[in-house]
Number of protein chains: 2
Amino acid sequence: MAGDRLSATLFALADPTRRGMLARLAQGDATVSELAEPYDMSLAAISKHLKVLEGVGLVSRGREAQWRPRHLEAEPLKDVWAWLDDYRRFWDRSLDMLGRHLETMKQAGPENSDR
Amino acid sequence: MAGDRLSATLFALADPTRRGMLARLAQGDATVSELAEPYDMSLAAISKHLKVLEGVGLVSRGREAQWRPRHLEAEPLKDVWAWLDDYRRFWDRSLDMLGRHLETMKQAGPENSDR
DNA sequence: CCTGTATTCAACCTAATAGTTATCAACCAA
DNA sequence: TTGGTTGATAACTATTAGGTTGAATACAGG
């Protein structure tokens with residue numbers, strides 16, 4: 001995958017297993033075994049997936065006895081959002097139109113709502 | 001890459017060349033040669049990148065004489081946005097606090113707003 | 001110290017990516 | 001029909017992704 005941060009982040013997200021692990025972590029920190037539980041896959045494979053996520057800063061690891069609980073770090077998702085936001089106008093016509101509508105109403109004043 | 005649509009879309013986006021081509025298309029339709037121009041890469045390679053983008057529906061092709069002008073189709077980005085939106089609260093603290101606030105108000109009932 | 005639990009690391013395999021060059025096809029224009 | 005331009009396809013190659021198994025490490029408890 002390419003060297004820039006955004007590419008690496010998107011690449012990390014482009015795998016359902018890794019997204020699943022993020023979803024799990026969104027509900028709270030979890031150990032590797034807990035994260036592995038839903039998947040029919042060796043722990044080593046899970047460990048690798050986690051390394052990818054850690055590599056782009058989406059996950060951090062703590063330590064507690066022999067466990068290395070993982071924590072979600074969503075900050076890199078900001079970059080994804082920022083990129084995506086530039087394209088919003090292309091996919092959400094109605095939102096665009098709603099935006100214009102609200103702008104229009106704002107300019108017209110609250111006393112002038114349609115219906 | 002995995003079979004699901006979202007994974008494929010994210011994968012397609014996880015390449016700076018492909019994102020660059022989308023950025024170019026965001027300014028208007030373009031031929032393959034025009035899309036290739038900024039890159040030090042064979043046309044065949046560009047063609048392949050385009051095929052990836054077309055494969056996930058991010059780009060469509062028209063025809064005009066010997067040209068196959070490409071067009072941006074941003075609809076698949078909706079899915080990305082929808083996925084991302086679930087994580088917004090993790091990076092946007094203030095929005096999170098607003099969310100909690102709204103939850104609190106909802107639980108308390110409308111008659112019981114603070115202040 | 002020994003054992004069990006949790007996790008990582010190393011070596012290996014296979015399939016897919018991302019690039020190459022060379023060939024082919026479609027179209028316009030003379 | 002012969003070119004010239006535009007683009008797609010095929011065949012090949014190197015690298016990486018993502019999985020495996022088996023050994024190594026780190027820690028807690030008896």
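In what follows, chains are A, B, ... by sequence order, proteins preceding strands, each numbered from 1.
Rounded to whole Å, the distance from CZ on B:R61 to P on D:dT6 is 17 Å. Residue B:K51 contributes atom NZ, which lies 14 Å from atom C1' of C:dG19 at whole-angstrom precision. Protein atom NE2 of B:H49 is 8 Å distant from nucleotide atom C1' of C:dG19, rounded to whole Å. Per the geometry, CG belonging to A:L43 stands 17 Å off P belonging to C:dA10, to the nearest Å. Put simply, CZ on B:R63 is 5 Å from P on C:dC27, counting in whole angstrom units. To the nearest angstrom, P of C:dA15 lies 18 Å from CG of A:D15.
For A:S47, a side-chain nitrogen or oxygen approaches OP1 or OP2 of C:dT8 to under 4.0 Å.
Among the atoms of the strands shown, none is found under 4.0 Å from any heavy atom of A:T17.
Between A:E54 and A:K48, it is A:E54 whose nearest contact on DNA chain C lies nearer the 5' terminus.
When distances are taken from the side chain of A:A44 to each of C:dA10, C:dA22, D:dG7, the shortest belongs to C:dA10.
Note on B:R70 versus B:D29: no salt bridge recorded, every NZ/NE/NH1/NH2 to OD/OE distance being 4.0 Å or above.
The closest donor-acceptor contact from the side chain of A:R68 to the backbone of A:R61 lies at 3.5 Å or more, if one exists at all.
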